[in-house]
Peer 1: 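I am attaching a structure below and will ask some questions about it afterwards.
Below, chains carry the letters A, B, ... as their sequence lines are ordered, and counting in each starts from 1.
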Protein chains: 2
Amino acid sequence: MQPVRNDIHNSDLPILCQSCESRHQGICGALSPEQLTQLARQTRRVHHAAGEELLGDAMPITGYGNVLRGVIKLSKVLEDGRQQVVGLQFAPDLLGRLFAKESRVAAEAASDVDLCMVPKAAMENLVRENPALEHRIMLQTLRELDEARDWMVTLGRKTAAEKVASFLYLIASHIDPAQGEVTTFDLPLSRADIGDFLGLTIETVSRQVSKLKADGVIEIENYRHVSVPDIARLRVRCG
Amino acid sequence: MQPVRNDIHNSDLPILCQSCESRHQGICGALSPEQLTQLARQTRRVHHAAGEELLGDAMPITGYGNVLRGVIKLSKVLEDGRQQVVGLQFAPDLLGRLFAKESRVAAEAASDVDLCMVPKAAMENLVRENPALEHRIMLQTLRELDEARDWMVTLGRKTAAEKVASFLYLIASHIDPAQGEVTTFDLPLSRADIGDFLGLTIETVSRQVSKLKADGVIEIENYRHVSVPDIARLRVRCG
DNA sequence: CGGCCTCTTGAACCTAATCAAGACCTGTGG
DNA sequence: CCACAGGTCTTGATTAGGTTCAAGAGGCCG
């Protein structure tokens, strides 16, 4: 257990914010204690179970959500139903596109998630009077763009084996916002979702996972719980 | 020929800026005539021939480039040489990632290009004293993120035939910044580059282009010059 | 226990990659 | 002017990686 991080005016902060990761690496770090206190009056903490839809493609955006815990799956579908997962969001990412009238992706809780919801108008007013906040959001957007482009390489140029290894490595390095790479974790996505993320079928994902297991690169319990004894051996399989 | 668009204080503007597309749809629209005049003292217009490298992956960024004419290819490579084109930039996009020390992609002139180069420090100072400018850049970044995610669907879930149709449609709808969709154009990319953009081989690209031609969806002269008699017929082939 | 879901594994098939040859364009030099 | 070299692009034949189709195993909950 880590003690709650202490910094100036910690005791003046709203209780919910005191231990919140978003204040450190996320967007709330751009706010003064006064702004945080004012904002906290308008936010509410919500929980969604795995599988719940948070935001439909082309649906109006009513607010923004700071991811506190869990994983969110962003996806797009073609008319005939083919689906592609275009991104995952972990704590302390911000869900919802700034100033957009409607979403350009569908968002679904991949695992159980906790969000800190901010009403659309409150967030946008705060951004207007606080350029540093827009700057923080800009940095997150640039990071998302980098991640999307990295994933384009995975989708366009890697083999099925490399794709699955890349996915496992992505999860291992993002699932815990406080630590970096982690050697044991639960997969937040089903095989079907992993397939939709990697541009593969369920069967191919399953076969490649079995192969990594047979080769001793990973261990698996109950389909979802993964251990990586030597993360470097996983990394070299990413291509 | 279109007349130069006229607006307030047009005559006060630097000559180079007067007919520049970037003032209308691009980032320079966020600047006052005074700021534009001041900025214009530090910019220089440069030309690059097709194939020239503008920026290497992990190379230090020395400035920003407003695309005035032509197409820029952004790409990433794996250690073993496999390449993926992760984006194209057209006028009036801004080349170069704001505040980053080094680039995360390689940039190459796909066709002959003209750029309006702004020194790194000049642009960053301007951004710091002008939040509206950062806002404009934010909007472009969000657009790039949308495009990257759209392309992830193409890479992950479309067939070779749909990929090639999607590429041709992308070019038809972006090559001319002033108009929207265009029915005749020169391909700014070689078959090899198209393959690297679509996650296909040269041969597969060539076969699918030939098929579209045989089906009467497109006409081709000299490998590079394309006509699309009915753009709706192309669009339905995008999947 | 039985139904339902997710996941795994096997066999057949198919799309796109690979290997290979030749066509077409361009520029150079005799 | 033609011959030839060096690109890029096209087309054909073969191969292979991943999909599809099919069956069964394992976990969860009534």
Side-chain angles (χ1 to χ4, degrees), chain A residues 49-51 73 78 80-84 108 110-112 154-168 186-215 218-226 237 239, chain B residues 49-51 73 78 80-84 108 110-112 154-168 186-215 218-226 237 239:
Chain A
K73 188 185 94 184
L78 296 172
D80 63 4
R82 280 176 286 177
Q83 185 171 157
Q84 176 68 46
E108 184 186 314
S111 63
D112 286 13
T154 300
L155 287 171
R157 286 301 180 204
K158 292 190 185 176
T159 64
E162 291 168 339
K163 285 181 178 181
V164 170
S166 301
F167 172 75
L168 292 173
D186 283 314
L187 286 177
L189 268 62
S190 68
R191 298 292 187 269
D193 285 338
I194 298 172
D196 284 340
F197 194 22
L198 295 170
L200 298 172
T201 58
I202 296 179
E203 294 94 327
T204 301
V205 172
S206 181
R207 272 183 256 269
Q208 297 300 335
V209 168
S210 297
K211 191 154 184 305
L212 285 172
K213 192 170 136 192
D215 293 354
I218 58 172
E219 287 151 30
I220 300 200
E221 264 175 81
N222 285 340
Y223 304 133
R224 289 289 189 107
H225 189 76
V226 179
R237 300 223 173 195
Chain B
K73 188 185 95 184
L78 296 171
D80 63 4
R82 280 176 286 177
Q83 185 172 159
Q84 176 68 45
E108 183 186 316
S111 63
D112 286 12
T154 300
L155 287 172
R157 286 301 181 204
K158 292 189 186 177
T159 63
E162 290 167 339
K163 285 181 178 180
V164 170
S166 301
F167 171 76
L168 292 172
D186 283 314
L187 286 178
L189 268 61
S190 68
R191 297 292 188 271
D193 285 338
I194 298 172
D196 284 340
F197 194 23
L198 295 169
L200 298 172
T201 58
I202 296 180
E203 295 94 327
T204 301
V205 172
S206 180
R207 272 184 255 270
Q208 296 301 336
V209 168
S210 297
K211 191 153 186 306
L212 285 172
K213 193 170 136 190
D215 293 354
I218 57 172
E219 287 152 30
I220 300 201
E221 264 175 82
N222 285 342
Y223 302 133
R224 290 289 189 109
H225 190 76
V226 179
R237 299 222 174 196

Peer 1: Within this structure, what is the CD1-OG1 distance for the pair B:Ile194 and B:Thr201, rounded to the nearest 0.5 Å?
Peer 2: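 Going from CD1 on B:Ile194 over to OG1 on B:Thr201, the span is 12.0 Å.
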
Peer 1: Does anything in residues 155-164 of chain A form a salt bridge (charged side-chain N to carboxylate O under 4.0 Å, His left out)? List the pairs, not counting sequence neighbours.
Peer 2: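 Non-adjacent pairs meeting salt bridge (charged side-chain N to carboxylate O under 4.0 Å, His left out): A:Arg157-B:Asp196, A:Glu162-B:Arg82.
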
Peer 1: Quick one: which residue pairs count as a salt bridge (charged side-chain N to carboxylate O under 4.0 Å, His left out) with a foot in residues 206-215 of chain A, not counting sequence neighbours?
Peer 2: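 Listed by first then second residue: A:Lys211-A:Asp215, A:Asp215-A:Arg237.
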
Peer 1: Check B:Val209 against B:Ile218 and note the closest heavy-atom contact, atom names and distance.
Peer 2: O-CD1, 4.0 Å

Peer 1: Taking the side chain as every heavy atom from C-beta outward, state whether A:Arg224 and A:Ser190 have any atom pair closer than 4.5 Å.
Peer 2: yes

Peer 1: Heavy-atom contacts under 4.0 Å between residues 156-164 of chain A and DNA chain C, which residues?
Peer 2: none

Peer 1: Just wondering, do B:Leu155 and B:Gln84 contact through their side chains at under 4.5 Å, heavy atoms?
Peer 2: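 Of all side-chain heavy-atom pairs linking B:Leu155 with B:Gln84, at least one is under 4.5 Å.
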
Peer 1: Check whether the side chain of B:Arg207 and the base of D:dG12 form a donor-acceptor pair under 3.5 Å.
Peer 2: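 Yes.
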
Peer 1: For B:Asp112 versus B:Ala50, what's the shortest heavy-atom pair and its separation?
Peer 2: OD1-N, 2.9 Å

Peer 1: Can a side chain N or O of B:Arg224 be found less than 4.0 Å away from OP1 or OP2 on D:dC9?
Peer 2: yes

Peer 1: Tell me the interatomic distance from B:Ile202, atom CD1, to D:dG12, atom C1', rounded to whole angstroms.
Peer 2: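 Distance, rounded to whole Å: 16 Å.
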
Peer 1: Using 0.5 Å steps for rounding, measure from the OG1 atom of B:Thr154 to the CG atom of A:Leu78.
Peer 2: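 Going from the OG1 atom of B:Thr154 to the CG atom of A:Leu78 covers 7.5 Å.
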
Peer 1: On DNA chain C, reading 5' to 3', which nucleotide is the first and which the last to sit with an atom under 4.0 Å from a heavy atom of chain B, could you check?
Peer 2: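 Here the contact window of chain B covers C:dA16 to C:dC24.
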
Peer 1: Just checking B:Ser210: base, sugar-phosphate only, or nothing, at a heavy-atom cut-off of under 4.0 Å?
Peer 2: sugar-phosphate

Peer 1: Does a nitrogen or oxygen in the side chain of A:Thr204 sit under 4.0 Å from OP1 or OP2 of D:dG18?
Peer 2: no

Peer 1: Specify the separation, in whole Å, of atom CG of B:Leu155 and atom C1' of D:dG18.
Peer 2: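 Interatomic distance, CG of B:Leu155 to C1' of D:dG18: 17 Å.
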
Peer 1: Could you check if a side-chain atom of A:Thr204 sits within less than 4.5 angstrom of a side-chain atom of A:Leu198, using non-hydrogen atoms only?
Peer 2: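 No; the side chains remain at least 4.5 Å from each other.
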
Peer 1: Taking the side chain as every heavy atom from C-beta outward, state whether B:Leu189 and B:Phe167 have any atom pair closer than 4.5 Å.
Peer 2: yes

Peer 1: What is the per-nucleotide protein-contact pattern of nucleotides 22-30 of chain D, from the 5' end, where B denotes a base atom under 4.0 Å from a protein heavy atom, S denotes such proximity for sugar-phosphate atoms only, and - denotes neither?
Peer 2: ----S----

Peer 1: Using a heavy-atom distance cut-off of less than 4.0 Å, which residues of residues 188-201 of chain B contact DNA chain C?
Peer 2: B:Gly199, B:Leu200, B:Thr201

Peer 1: From B:Leu187 CG over to B:Ile220 CD1, what is the distance, rounded to the nearest 0.5 angstrom?
Peer 2: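 Here the interatomic distance stands at 6.5 Å.
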
Peer 1: How long is the straight-line distance from CZ of B:Arg191 back to OH of B:Tyr223, given to the nearest 0.5 Å?
Peer 2: 8.5 Å

